[in-house]
Each structure stands twice: as C-alpha cells, then as structure tokens.
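Whatever order the structure lists them in is the order used to number ligands and atoms, beginning at 1. The first residue in the sequence is number 1, and the count goes up from there.
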Amino acid sequence: MEIIHTVAELRARLKSESIIGFVPTMGNLHSGHIDLTRIARACVNAHSPDQAGAGGCVVVSIFVNRLQFGPKEDFGSYPRTFADDTEKCRAAGVDIVFAPTEAAMYPAPQHYLVEPPNIQHILDGAVRPGHFRGVATVVLKLFNMVRPTVAVFGKKDYQQCRVLDNMVQQLNLPIEMVLADTVRADDGLALSSRNGYLSAAERIEAPQLFAELSKLKHNILSGERNFAAMEAGVAAALDARGWKPDYIAVRRSDDLLEPSPADKKLVILAAARLGATRLIDNVEVTLDE
Ligand code: PAF
C-alpha cells in the first residue's frame with residue numbers, strides 16, 4: 001500500500017489506472033469505513049474486464065476538512081489517528097491512502113465554493129450553517145484529484161449522500177456514486193468517529209436513538225401518517241432520557257422535503273446531543289406501492 005501526500009504524486013501514480021474506486025474519509029477509521037473500502041473493491045472488480053480487478057485500484061483519502069466545520073465545532077479536537085488508519089487500510093487491501101496536507105488541499109484561500117441548493121440549509125444544514133458547502137467543495141476537489149470511476153459513501157450521513165449525489169448528477173461528473181448501508185454495532189448504534197467521544201454511560205444509552213427511529217418506522221409501516229405527532233413523540237421520548245434533539249424528521253428520501261401522501265420512499269432522520277456528543281442517524285422506509 002502506498003501513502004501519498006501531494007496532488008502531483010497522486011496524479012502521476014494514478015495515470016496508468018483505468019478503474020479507480022474511491023472512499024473519501026476524514027480518518028479515525030472504523031469498521032464502517034472498512035466496509036466502504038470492500039464495497040469499492042467489489043465495484044472495481046465488477047468494472048474490470050476479467051472481473052478480477054486487474055488494473056483496478058482502491059484509493060482512500062484521509063483529510064480533516066476545515067471548511068466543513070463551524071467556528072464552534074470540533075475541528076481542532078477531531079480525532080487524528082493516522083498510523084492506526086493506515087494500518088487498517090493496509091489490512092483491508094487498500095492500494096493507496098491519499099492524505100493531502102492542508103497546503104496541498106488549500107494552497108490558497110478557497111474562494112471558489114460549491115454552493116448546494118436549498119437542501120444545504122435544512123436539517124443538519126440548519127444546525128451547521130456552511131457545513132454542506134464545505135463538504136461539497138472538498139469532495140469536488142478530491143474528485144478532481146483522484147478522478148474516480150466509482151465513489152463510495154455511507155448512508156449514515158444521509159443528507160451528505162443526497163447533496164453529493166445531486167452534485168454529481170447536476171455537474172455531469174463521470175462518477176458512479178455508490179451509497180452504502182449504515183454499519184451498526186450489535187446494539188444498533190450507527191458506527192461513527194464521534195462515538196469515541198461518548199462516556200461509558202452514554203455509550204450504553206446511545207443505541208436508544210436507533211431504537212426510537214425503528215419504532216417510528218414500525219408505526220409508519222403500521223399505517224400511522226401523522227408524521228408531525230410521531231416526530232414530536234420521539235423528540236419527547238429522547239428528551240425525557242436526557243438527550244437534546246436537534247431534529248427528528250420524516251422526509252422523502254430523494255430531496256429530503258416533507259412527504260406528500262403519494263410519496264413511497266421515505267427516510268426518518270435524526271440528530272440529537274447526548275452529553276457533549278452530537279449523534280446523527282436515519283432509517284429508510286419504503287411504503288407498499
Ligand atoms: O463523511 C466524511 O467523512 C466527510 O464529510 C467527507 C465526505 C470525507 C468530506 O470531508
């Protein structure tokens with residue numbers, strides 16, 4: 001496995017690769033990320049003429065992107081575990097870790113920004129102004145550096161997936177987007193780099209977020225349609241257990257707007273604080289045709 005820090009070196013190395021699978025990350029890798037690298041490998045193999053991955057290459061980027069953190073967020077304290085991350089990538093059979101320095105990514109102040117449409121201002125975007133602009137900008141830059149055939153993202157960051165998938169479509173980027181299911185711990189907690197911030201007691205409580213979303217899904221599938229009342233019910237239940245919910249929202253899955261009765265593909269999204277840690281999660285719901 002190679003570790004590359006500059007764009008010039010990366011471009012030179014990737015010149016001969018015809019099929020590139022790409023997993024962008026901010027490091028602090030867990031089994032959810034490793035799962036994405038396996039999916040990337042499978043996609044590369046599927047694209048290669050002999051289906052054996054000949055000529056294919058899996059790239060993982062590790063870059064903590066200042067642009068997507070708000071002034072009061074955890075950019076400074078975000079866990080940086082580079083040695084551990086590269087070991088995990090090596091063990092997972094990744095070919096290249098691309099870890100650009102801040103100067104390689106932002107050699108000058110980034111004045112050209114990707115401004116996603118209204119989706120960037122709702123849900124997580126309402127709580128984290130500028131976050132999705134920062135994500136879309138760095139991902140477009142990474143796409144231009146790596147020029148992947150396939151890019152794999154985890155659906156735990158559902159809104160991010162929608163923003164980026166729409167960006168790829170609207171800007172005609174020749175990239176196949178693969179949105180992978182969330183990997184969960186045995187008790188249901190969605191794997192996340194921020195789970196490491198939880199105290200032992202909070203870690204025991206944390207799966208309750210998924211449990212509440214699963215109950216809400218069950219209620220929708222049982223025919224309940226008063227989404228506002230159900231959202232308020234989950235927020236109150238979490239609140240009573242000491243959480244501080246930012247939002248619980250039933251939305252349609254393609255654009256995250258409020259569903260009409262005709263919409264069949266829904267997603268329940270949630271963000272809530274448990275102590276000092278902000279957790280997000282979501283559950284997709286498909287209604288019978
Ligand atoms: O999901 C993440 O880890 C980040 O938002 C991403 C996509 C790597 C952009 O910095």
Can you give the donor-acceptor pairs under 3.5 Å from side chains of residues 138-152 to other protein atoms, not counting sequence neighbours?
{"from": "Lys141", "atom 1": "NZ", "to": "Met105", "atom 2": "O", "distance (Å)": "2.9"}
{"from": "Lys141", "atom 1": "NZ", "to": "Gln110", "atom 2": "OE1", "distance (Å)": "2.8"}
{"from": "Asn144", "atom 1": "ND2", "to": "Leu140", "atom 2": "O", "distance (Å)": "3.3"}
{"from": "Thr149", "atom 1": "OG1", "to": "Ile20", "atom 2": "N", "distance (Å)": "2.7"}
{"from": "Thr149", "atom 1": "OG1", "to": "Ile20", "atom 2": "O", "distance (Å)": "3.4"}

Determine all donor-acceptor pairs shorter than 3.5 Å in which one atom belongs to a side chain in residues 70-80; sequence neighbours excluded.
{"from": "Glu73", "atom 1": "OE1", "to": "Gly70", "atom 2": "N", "distance (Å)": "3.0"}
{"from": "Glu73", "atom 1": "OE1", "to": "Arg128", "atom 2": "NE", "distance (Å)": "3.3"}
{"from": "Glu73", "atom 1": "OE1", "to": "Arg128", "atom 2": "NH2", "distance (Å)": "2.6"}
{"from": "Glu73", "atom 1": "OE2", "to": "Arg128", "atom 2": "NE", "distance (Å)": "2.9"}
{"from": "Asp74", "atom 1": "OD1", "to": "Arg194", "atom 2": "NH2", "distance (Å)": "3.1"}
{"from": "Asp74", "atom 1": "OD2", "to": "Arg194", "atom 2": "NE", "distance (Å)": "3.1"}
{"from": "Asp74", "atom 1": "OD2", "to": "Tyr197", "atom 2": "OH", "distance (Å)": "2.9"}
{"from": "Arg80", "atom 1": "NH1", "to": "Phe75", "atom 2": "O", "distance (Å)": "2.8"}
{"from": "Arg80", "atom 1": "NH1", "to": "Gly76", "atom 2": "O", "distance (Å)": "3.4"}
{"from": "Arg80", "atom 1": "NH1", "to": "Tyr78", "atom 2": "O", "distance (Å)": "2.9"}
{"from": "Arg80", "atom 1": "NH2", "to": "Phe75", "atom 2": "O", "distance (Å)": "3.0"}

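Screening His131, Gln160, Gln159, Arg278 for a side-chain hydrogen bond (donor to acceptor under 3.5 Å, both in side chains) with Asp124, the sole residue that qualifies is Arg278.
Asn219 and Ser222 share no side-chain donor-acceptor pair at under 3.5 Å.
With a 4.0 Å heavy-atom cut-off, ligand 1 is reached by the backbone of Thr25 but not by any atom from C-beta on.
Residue Val138 has at least one heavy-atom neighbour below 4.0 Å for each of these atoms of ligand 1: 9 (C), 10 (O). Of all the atoms in ligand 1, the ones that sit under 4.0 Å from a non-hydrogen atom of Gln68 are 4 (C), 5 (O), 9 (C), 10 (O).
Of the protein's non-hydrogen atoms, Gln160 NE2, 3.8 Å is the one closest to atom 2 (C) of ligand 1.
Hydrophobic clustering (side-chain heavy atoms under 4.5 Å, transitive across Ile, Leu, Val, Met, Phe, Trp, Tyr) keeps Ile268 apart from Leu123.
Considering backbone and side-chain N/O atoms, Asn65 never comes within less than 3.5 Å of an N/O atom of ligand 1.
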